[in-house]
Amino acid sequence: EIQMTQSPSSLSASVGDRVTITCRASLGIRSHLTWFQQRLGNAPKLLIFGASNLQSGVPSRFSGSGSGTDFTLTISSLQPEDIATYYCQQTYSTPWTFGQGTRVEIK
Amino acid sequence: QVQLEQSGAEVKTPGASVKVSCKTLGYTFSTYYVHWVRQAPGQGLEWLGVINTSRGTATYAQTFQGRVTMTSDTSTSTVYMELSSLRSDDTAMYFCARRMATIDTKYLDYWGQGTLITVSS
């Protein structure tokens, strides 16, 4: 089973700040990495697939990068509506494991 | 448009079983696999397994082997997830999600609204 480790577990930033979340896989997963946003009480929402592909309808301030074992989700200018928990998930092999999540708050 | 509609919340006693449904709409059912994910209160996301809706075959997470069964009904475009021998730590929101597959990768694109299963004596 591939372990996914996200950091930090939580962060607080100001509106307009650049925010970076990292995700590390215990084995190489090429680019089989998805990022989700989950607002309180809602189902996860797809942001990025294939490590760097922005899902249709997702604001361009979100971007993803990385390959192999190290990946990054970046929010270029944090907005109030970005308050949520963010999860990475590897889709390289079953079980499709998730990172433990990163809670993003507004300072 | 694509939708996944899940059955309503349930309360079960320890040792019982629960069967959650996920009705899919807006796309060709047998073309996409469906995954199940759960989330305990205040916790992260946990993958349960996946069903090939065309063949009706499933792959389960080792943690749930022997307790979970996923099935599909092509006549109603619905998938089911049954979890048996329920324990209090099975209390969680259970989600179904559609798997999209491209030539480059696979990912979960559409999710159901979630079904809250509470296990309590």
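If you're wondering where the values come from, they're calculated on a predicted model, not measured in any experiment. Every chain is numbered from 1, with letters handed out A, B, ... down the list of sequences.
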Rounded to the nearest 0.5 Å, what separation is found between the [atom1] atom of [X] and the [atom2] atom of [Y]?
| X | Y | atom1 | atom2 | result |
| --- | --- | --- | --- | --- |
| A:L47 | A:C88 | CG | SG | 12.0 Å |
| A:C23 | A:Y86 | SG | OH | 15.0 Å |
| B:Q6 | B:L116 | CD | CG | 11.0 Å |
| A:F71 | A:H32 | CZ | NE2 | 9.5 Å |
| B:T78 | B:Y80 | OG1 | OH | 4.5 Å |
| A:I48 | A:T72 | CD1 | OG1 | 11.5 Å |

Nearest heavy atoms of A:I106 and A:I83, plus distance in Å: CG1-CD1, 2.9 Å
Going by heavy atoms in the side chains, are [X] and [Y] under 4.5 Å from each other?
| X | Y | result |
| --- | --- | --- |
| A:V104 | A:D82 | no |
| A:S65 | A:T74 | no |
| B:E10 | B:K19 | no |
| B:V18 | B:D90 | no |

Partners passing side chain to side chain donor-acceptor pair (under 3.5 Å) against B:R87 (at least two apart in sequence or in another chain): B:D89
Part of A:Y92 within contact of chain B (heavy atom distance under 4.5 Å): neither
Where along [range] does a heavy atom come under 4.5 Å of chain A, listed by residue number?
| range | value |
| --- | --- |
| residues 22-46 of chain B | B:H35, B:V37, B:Q39, B:Q43, B:G44, B:L45, B:E46 |
| residues 92-99 of chain B | B:F95, B:R99 |
| residues 47-74 of chain B | B:W47, B:T59 |

Among the listed options A:K45, A:Q89, A:E1, A:Q38, the residue most often paired with chain B at heavy-atom distances under 4.5 Å: A:Q38
Near-ring test A:F62/A:W35, centroid separation under 6.0 angstrom: no
More than 12 heavy atoms from other groups under 6.0 Å of CZ on A:R103: no
Heavy-atom proximity to chain A below 4.5 Å, by part of B:D104: backbone
